[in-house]
Amino acid sequence: MPSRRTTSPPCPTDKAAPAHDAATTPAFLLDLDGVLVDTRPVMESAWRQVQEDHGLDVPFDAYERHLGRPFVDIMNRLGLAEVELLHETYAKASTTHSHLARQFDGVAEVLHAFVAAGWRLGIITSKPLDRAAPLLAGLGCPFSTVRTPNGGGRGKPAPDPVLLALTDLGGDPADAVYVGDMAVDQEAGRRAGVPYVHAGWGYGCPGSSSPVVAESPKDLLRLLSPGPFLEGSLL
């Protein structure tokens with residue numbers, strides 16, 4: 001069942017799109033939450049459980065402002081203690097409510113179009129691997145690398161997960177594109193030297209500079225031109 005489009009503030013756009021040499025095999029790197037799968041209902045339910053179990057009055061929108069960072073980093077920014085206990089509650093509740101997650105409309109078809117054109121897919125997410133894996137499996141695509149906090153290195157907005165993903169793929173930053181939906185995604189891509197495209201259907205706006213903005217998953221096909229594509233294959 002397609003997800004409803006998440007309402008986000010208007011984001012500035014830049015009409016220029018990243019270009020790639022036809023002789024290269026480009027890497028298509030993507031964030032997970034807010035880009036491929038709408039997990040906001042899962043996160044809201046999990047945070048509500050954290051509030052109830054630990055007597056916190058920190059609203060979900062305060063948590064949501066820091067999405068894209070590792071959970072521990074978010075807790076530190078919110079000034080919360082006993083992070084391990086909070087994370088245990090949040091992780092358990094996220095698993096319980098995982099059925100609320102929905103793929104964004106057209107995402108799977110678009111990913112398959114890039115795979116068919118020879119692009120290598122990679123995931124860069126701050127979600128732990130045990131919770132990311134079932135969501136990725138549901139997309140039915142061959143991801144060549146999945147970088148999560150379980151794999152070491154600093155989390156976003158540090159460039160580590162982007163660079164580690166490229167190392168996995170044996171790729172160069174100039175031959176990659178990173179699609180995210182939060183300012184930390186944009187910063188991670190910038191610090192890694194990888195062209196960034198902002199998912200306008202996601203949860204946040206980009207940072208101070210104006211990146212390329214895709215208004216829908218399907219719009220990625222227009223911006224990045226992975227290869228011949230039949231319009232009807234998205235229907």
Side-chain angles (χ1 to χ4, degrees), residues 1-4 6 28-54 56 58-78 80 82-105 107-108 111 121-158 160-162 164-165 168 178-182 184-185 188 199 201-204 217:
M1 174 180 177
S3 168
R4 61 180 176 80
T6 305
F28 194 35
L29 307 176
L30 306 106
D31 183 30
L32 176 57
D33 299 276
V35 174
L36 302 182
V37 182
D38 183 7
T39 54
R40 178 182 263 147
V42 180
M43 293 186 286
E44 282 186 295
S45 297
W47 188 250
R48 190 178 307 117
Q49 194 66 54
V50 170
Q51 289 175 305
E52 293 174 1
D53 288 7
H54 300 277
L56 299 181
V58 179
F60 176 72
D61 60 359
Y63 175 87
E64 186 178 31
R65 281 196 292 271
H66 302 291
L67 289 180
R69 297 176 180 271
F71 186 87
V72 172
D73 189 2
I74 296 177
M75 295 302 98
N76 290 335
R77 287 175 173 270
L78 294 176
L80 299 177
E82 299 184 322
V83 174
E84 289 187 10
L85 290 176
L86 298 181
H87 197 191
E88 182 180 343
T89 300
Y90 186 88
K92 183 177 180 180
S94 294
T95 300
T96 299
H97 297 285
S98 61
H99 63 282
L100 299 175
R102 295 288 185 272
Q103 295 175 19
F104 285 105
D105 189 22
V107 156
L111 292 179
L121 302 186
I123 296 297
I124 300 168
T125 177
S126 294
K127 186 182 293 298
L129 184 60
D130 62 337
R131 301 208 311 270
L135 297 173
L136 295 174
L139 292 164
C141 292
F143 295 102
S144 300
T145 181
V146 178
R147 279 288 168 178
T148 74
N150 305 81
R154 297 168 296 170
K156 296 181 290 188
D160 301 26
V162 181
L164 288 169
D168 295 339
Y178 178 39
V179 181
D181 70 318
M182 302 296 291
V184 292
D185 296 314
W201 62 91
Y203 301 148

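Residues: numbered from 1 along the sequence shown.
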Exercise. Going through the checks in order, is the side chain to side chain contact (heavy atoms under 4.5 Å, CB included) test met by Lys156 and Ser126?
Worked result: CA-CA 7 Å; Lys156 296 181 290 188; Ser126 294; 3.7 Å; yes
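- To the nearest 0.5 angstrom, His97 atom NE2 is 11.0 Å from Lys92 atom NZ.
- Counting all heavy atoms, side chain and backbone alike, Tyr203 lies closest to Met43 at CE1-CE, 3.7 Å.
- Rounded to the nearest 0.5 Å, atoms OG1 (Thr125) and CG (Asp185) are 9.0 Å apart.
- Remark: the backbone N or O of Leu129 is paired with a side-chain donor or acceptor of Asn150 at under 3.5 angstrom.
- Between the side chain of Gln51 and the backbone N or O of Val58, at least one donor-acceptor pair lies under 3.5 Å.
- A distance of 6.0 Å separates SG of Cys141 from CG of Leu121, quoted to the nearest 0.5 Å.
- Considering CG of Leu86 and CD1 of Ile74, their distance stands at 12.0 Å, rounded to 0.5 Å.
- Defined by atom type and a distance below 3.5 Å, a donor-acceptor pair is missing between the side-chain atoms of Tyr178 and Asp31.
- Minimum heavy-atom separation, Pro161 to Arg147: O-CG, 3.8 Å.
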For this session: Take Leu36 and Ile123, measure what side chain to side chain contact (heavy atoms under 4.5 Å, CB included) needs, and give me the verdict at the end.
Result: CA-CA 10 Å; Leu36 302 182; Ile123 296 297; 3.6 Å; yes
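- Among all heavy-atom pairs drawn from Ala199 and Val179, the shortest one is CB-CG1, 4.2 Å.
- Remark: Glu88 CD is loosely packed, at most 12 non-hydrogen atoms of other residues, nucleotides or ligands lying under 6.0 Å away.
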Only distances under 3.5 Å count here; give the side-chain donor-acceptor pairs of residues 62-70 to other protein atoms, sequence neighbours excluded, each with its distance to 0.1 Å.
| residue | atom | partner | partner atom | Å |
| --- | --- | --- | --- | --- |
| Tyr63 | OH | Tyr90 | OH | 3.2 |
| Glu64 | OE2 | Arg40 | NE | 2.6 |
| Glu64 | OE2 | Arg40 | NH2 | 2.4 |
| Arg69 | NH1 | Asp73 | OD2 | 3.2 |

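- Taking all atoms of both residues into account, the shortest heavy-atom contact from Phe60 to Trp47 is CA-CD1, 3.6 Å.
- Residue Thr145 holds its OG1 atom at 8.0 Å from CD1 of Ile124, rounded to the nearest 0.5 Å.
- In this structure, Leu111 and Phe143 approach most closely via the heavy-atom pair CD1-CZ, 4.0 Å.
- Applying the side-chain hydrogen bond (donor to acceptor under 3.5 Å, both in side chains) test between Thr89 and each of Gln49, Glu82, His54 identifies His54 as the sole match.
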For this session: I would like to know whether Leu100 and Glu44 meet side chain to side chain contact (heavy atoms under 4.5 Å, CB included); could you show each step before the answer?
Result: CA-CA 10 Å; Leu100 299 175; Glu44 282 186 295; over 6 Å; no
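- For Asp130, the side chain to side chain contact (heavy atoms under 4.5 Å, CB included) partners two or more places apart in sequence, or in a different chain, are Pro128.
- Of all non-hydrogen atoms in Pro217 and Phe104, the two that sit nearest each other are CG-CB, 4.5 Å.
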